[in-house]
Participant: 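Quick one: the structure is below, questions incoming.
Worth saying up front: this structure is predicted, and the values here are computed from it rather than measured. Heads up: numbering here begins at 1 and tracks the sequence.
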Amino acid sequence: MLSSSEEKPGQMPPGDGSIPPGKPMSFGQKMIDKGAQMVESLKPIKQMSQHVCTFALYSQDMSRQIETHHHVNRLNQDFLQCAVYDSDDSTARLIGVEYIVSDKIFQTLPPEEQKLWHSHAYEITAGLWMNPRAPEAIQKPELRDLAQTYGKFWCTWQVDRGDRLPLGPPALMMSPQGVNGGMVMPELVRKRDEKYKVSTDNLRMSRADVTVPETVLLSNADYWMQSEKGFAVDVEETDMKRIAPFP
């Protein structure tokens, strides 16, 4: 085994972990980037229609919890894809990707595949999932739909442990749940609420009428709640499949 998502990285470039190593962007590079923005379509980026702030827990160590910022692109009524950042600042780091499917699609997945997914029902009804600066009344219909969805979130950059670069294999992330081990640390919620001037408790009360389908409670999602086991990714050396012998 070469590395595991459970392992801490080896020696890293010096710094506090808040920014990756490298020289400040030059004026010339800024001009090149601005020029490219004027002529390139950037169509996938422009399809992102929502910013969601919520929380995630590492599958292999749920004491490690992070605030996440999902920029959401809905491809159809049953499938969404999200670029996940560590903040909503202009210098935010891209730390992973989450795919979201409807209950209808999730129920077609093999049982072993379902174990890698998490539900969103508690996350939404508890007020943890929120759209910064968007009126709750406007988001309510979308929240009703999302409460019946499932996500698979791979974290590729473990910034919470101080990684200045995306190191090692990806880590599977889980959603918060209302049971021991799945509760988000109050300090994380408090900081988020203060930043966006919201009340998670008020959001929770306003969502009392959001229903949770029985299929969510009976599925293989949130598998750790049934098994008390998480998932870690190990990287192993293996023989290559090649179309011709090496020289």
Participant: Before you tell me yes or no, could you show the steps for Tyr58 and Asp160 under side-chain hydrogen bond (donor to acceptor under 3.5 Å, both in side chains), namely the whole-Å CA-CA distance, both residues' side-chain angles and the distance that decides it to 0.1 Å?
Facilitator: CA-CA 11 Å; Tyr58 285 83; Asp160 64 299; 2.5 Å; yes
Participant: Should Gln177 and Ser175 be marked as a side-chain hydrogen bond (donor to acceptor under 3.5 Å, both in side chains) after you check the CA-CA gap, both sets of side-chain angles, and the distance that decides it?
Facilitator: CA-CA 7 Å; Gln177 299 296 332; Ser175 60; 3.0 Å; yes
Participant: Which of these, Asp78, Thr149, Asn76, sits in a side-chain hydrogen bond (donor to acceptor under 3.5 Å, both in side chains) with Ser102?
Facilitator: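 When side-chain hydrogen bond (donor to acceptor under 3.5 Å, both in side chains) is applied between Ser102 and each of Asp78, Thr149, Asn76, only Asp78 qualifies.
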Participant: Are His70 and Glu98 close enough that a side-chain donor and a side-chain acceptor fall under 3.5 Å?
Facilitator: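 Per modelled atom types, His70 and Glu98 side chains form a pair under 3.5 Å.
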Participant: Quick check: is Tyr150 connected to Val210 through a chain of hydrophobic side chains (ILVMFWY, heavy atoms under 4.5 Å apart)?
Facilitator: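 They do not share one cluster, since no chain of ILVMFWY contacts under 4.5 Å joins Val210 to Tyr150.
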Participant: Can you find a heavy atom in the side chain of Phe106 that is under 4.5 Å from one in the side chain of Ser219?
Facilitator: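 Yes, their side chains come closer than 4.5 Å.
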Participant: Which pair of non-hydrogen atoms, one from Tyr99 and one from Trp117, has the smallest distance, and what is that distance?
Facilitator: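 Shortest heavy-atom contact: O-CZ3, 3.5 Å.
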Participant: Grab the two heavy atoms, one from Val212 and one from Ala121, that are nearest each other, plus how far apart they are.
Facilitator: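 It is CG1-CB, 3.6 Å.
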Participant: Could you pull out the closest heavy-atom pair between Asn220 and Pro111, with the gap in Å?
Facilitator: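 Scanning both residues, the minimum pair turns out to be ND2-CB, 3.5 Å.
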Participant: Might you point out which heavy atoms bring Phe79 and Val101 nearest each other, and give the distance in Å?
Facilitator: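 Nearest heavy atoms, Phe79 then Val101: CD1-CG1, 3.8 Å.
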Participant: Just by modelled atom types, is the Met185 backbone N or O under 3.5 Å from a matching donor or acceptor in the Gln65 side chain?
Facilitator: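 Checked: pair present.
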Participant: Taking the side chain as every heavy atom from C-beta outward, state whether Ile66 and Gln158 have any pair of such atoms under 4.5 Å apart.
Facilitator: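 No, their side chains stay 4.5 Å or more apart.
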Participant: List, by chain and then residue number, the residues other than Tyr85 in its hydrophobic cluster (Ile/Leu/Val/Met/Phe/Trp/Tyr, side-chain heavy atoms under 4.5 Å); write none if there are no others.
Facilitator: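 The other cluster members (ILVMFWY side chains, heavy atoms under 4.5 Å, direct or chained) are Leu94.
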Participant: Residues in side-chain hydrogen bond (donor to acceptor under 3.5 Å, both in side chains) with Asp145, at least two apart?
Facilitator: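 Checked Asp145 against side-chain hydrogen bond (donor to acceptor under 3.5 Å, both in side chains); zero matches.
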Participant: Got a second to check how far Ser59's OG is from Met174's CE, nearest 0.5 Å?
Facilitator: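 Nearest 0.5 Å value for the OG-CE distance: 4.5 Å.
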Participant: Would you call the rings of His51 and Tyr196 parallel, tilted or perpendicular if under 30° counts as parallel and over 60° as perpendicular?
Facilitator: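 Plane angle over 60°, so perpendicular.
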Participant: Report the C-alpha separation of Glu67 and Lys191 in whole Å, then their side-chain angles, then the decisive distance to 0.1 Å, and conclude whether the salt bridge (charged side-chain N to carboxylate O under 4.0 Å, His left out) test is met.
Facilitator: CA-CA 10 Å; Glu67 178 183 307; Lys191 287 182 178 179; over 6 Å; no
Participant: For Gln81 and Arg74, test the side chains for any donor-to-acceptor distance below 3.5 angstrom and give the result as yes or no.
Facilitator: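 No, because no side-chain N or O of Gln81 sits under 3.5 Å from a partner of the opposite role on Arg74.
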Participant: Under a 4.5 Å cut-off applied to non-hydrogen side-chain atoms, are Phe153 and Leu172 in contact?
Facilitator: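 No, too far: nothing below the 4.5 Å cut-off.
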Participant: Before we go on, tell me: are the rings of His120 and His118 under 6.0 Å apart, centre to centre?
Facilitator: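 Yes.
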Participant: Determine whether Val159 and Met173 fall in the same hydrophobic cluster, where Ile, Leu, Val, Met, Phe, Trp and Tyr are linked whenever their side-chain heavy atoms lie under 4.5 Å apart.
Facilitator: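 Yes, Val159 and Met173 fall within the same hydrophobic cluster.
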Participant: Within the side chain of Trp157, is there an N or O that forms a donor-acceptor pair under 3.5 Å with the backbone of Asp163?
Facilitator: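 Yes, because the side chain of Trp157 sits within donor-acceptor range (under 3.5 Å) of the backbone of Asp163.
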Participant: Are the side chains of Leu143 and Trp129 in contact, using a 4.5 Å heavy-atom criterion?
Facilitator: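 With C-beta onward as the side chain, the pair touches.
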Participant: Can you spot which of Lys115, Lys229, Met62 makes a side chain to side chain contact (heavy atoms under 4.5 Å, CB included) with Trp224?
Facilitator: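 Of the listed residues Lys115, Lys229, Met62, the side chain to side chain contact (heavy atoms under 4.5 Å, CB included) partner of Trp224 is Met62.
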Participant: In the single-linkage hydrophobic clustering (I, L, V, M, F, W, Y; side-chain heavy atoms under 4.5 Å), do Leu80 and Val97 co-cluster?
Facilitator: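 Leu80 and Val97: separate clusters.
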Participant: Can Arg192 and Thr200 be counted as having a side-chain donor-acceptor contact under 3.5 angstrom?
Facilitator: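 Side chains of Arg192 and Thr200: pair found under 3.5 Å.
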Participant: Does a side-chain heavy-atom distance below 4.5 Å link Leu128 with Tyr122?
Facilitator: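 Leu128 reaches Tyr122 side chain to side chain.
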Participant: Given side-chain hydrogen bond (donor to acceptor under 3.5 Å, both in side chains), test Glu142 with Gln50 step by step and report yes or no.
Facilitator: CA-CA 11 Å; Glu142 178 79 340; Gln50 290 189 52; 2.7 Å; yes
Participant: Any side-chain heavy atom of Asp86 within less than 4.5 Å of one from His69?
Facilitator: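 Heavy-atom side-chain distance check fails, nothing below 4.5 Å.
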Participant: To the nearest 0.5 Å, what is the distance between OG on Ser87 and CD1 on Ile95?
Facilitator: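 Between atom OG of Ser87 and atom CD1 of Ile95 there are 9.0 Å.
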Participant: More than 12 heavy atoms of other residues, nucleotides or ligands under 6.0 Å from CD of Glu187: yes or no?
Facilitator: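 Enclosed.
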Participant: Return yes when atom NZ of Lys195 has more than 12 non-hydrogen atoms of other residues, nucleotides or ligands closer than 6.0 Å, and no otherwise.
Facilitator: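 Enclosed.
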Participant: How long is the straight-line distance from CD1 of Ile100 back to CD1 of Ile105, given to the nearest 0.5 Å?
Facilitator: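 Nearest 0.5 Å value for the CD1-CD1 distance: 12.0 Å.
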Participant: Would you indicate whether the side-chain heavy atoms of Gln148 and Lys104 approach each other to under 4.5 Å?
Facilitator: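 No, their side chains stay 4.5 Å or more apart.
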Participant: Quick one: closest heavy-atom pair of Val72 and Cys82, and the distance?
Facilitator: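 Val72 and Cys82 have their closest heavy atoms at CG2-SG, 3.9 Å.
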Participant: What I want to check is whether the side chains of Ser63 and Asp61 have a donor and an acceptor closer together than 3.5 Å.
Facilitator: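 The criterion, which ignores hydrogens and geometry beyond distance, is satisfied for Asp61 and Ser63.
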Participant: Could you check whether atom CG of Asn180 has more than 12 heavy atoms from other residues, nucleotides or ligands sitting under 6.0 Å from it?
Facilitator: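 Atom CG in Asn180 is not crowded, with 12 or fewer foreign heavy atoms closer than 6.0 Å.
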Participant: About how many Å separate CD of Gln114 and CG of Asp222, when rounded to the nearest 0.5 Å?
Facilitator: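 Interatomic distance, Asp222 CG to Gln114 CD, rounded to 0.5 Å: 11.0 Å.
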Participant: Just wondering, do Val189 and Phe55 contact through their side chains at under 4.5 Å, heavy atoms?
Facilitator: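 Phe55 reaches Val189 side chain to side chain.
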Participant: Linking I/L/V/M/F/W/Y whenever any side-chain heavy atoms sit under 4.5 Å apart, do Trp154 and Leu57 land together?
Facilitator: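 Linked, Trp154 and Leu57 end up in one cluster.
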Participant: Could you tell me whether Arg204 and Asp201 have a side-chain N and a carboxylate O separated by less than 4.0 Å?
Facilitator: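 Looking at Asp201 together with Arg204, the answer is yes, because their closest N to O distance falls below 4.0 Å.
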Participant: Could you report the tightest heavy-atom contact between Gly178 and Met183, atom names first, then the distance?
Facilitator: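 Closest approach of Gly178 to Met183, heavy atoms only: CA-SD, 3.5 Å.
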Participant: With sequence neighbours excluded, give me every salt bridge (Lys or Arg N to Asp or Glu O under 4.0 Å) pair touching residues 125-139.
Facilitator: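 For residues 125-139: Asp88-Arg133, Glu136-Arg207.
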Participant: Counting heavy atoms not belonging to Tyr223, are there more than 12 under 6.0 Å from its OH?
Facilitator: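 Counting neighbours around OH of Tyr223, 12 or fewer heavy atoms of other residues, nucleotides or ligands fall under 6.0 Å, so no.
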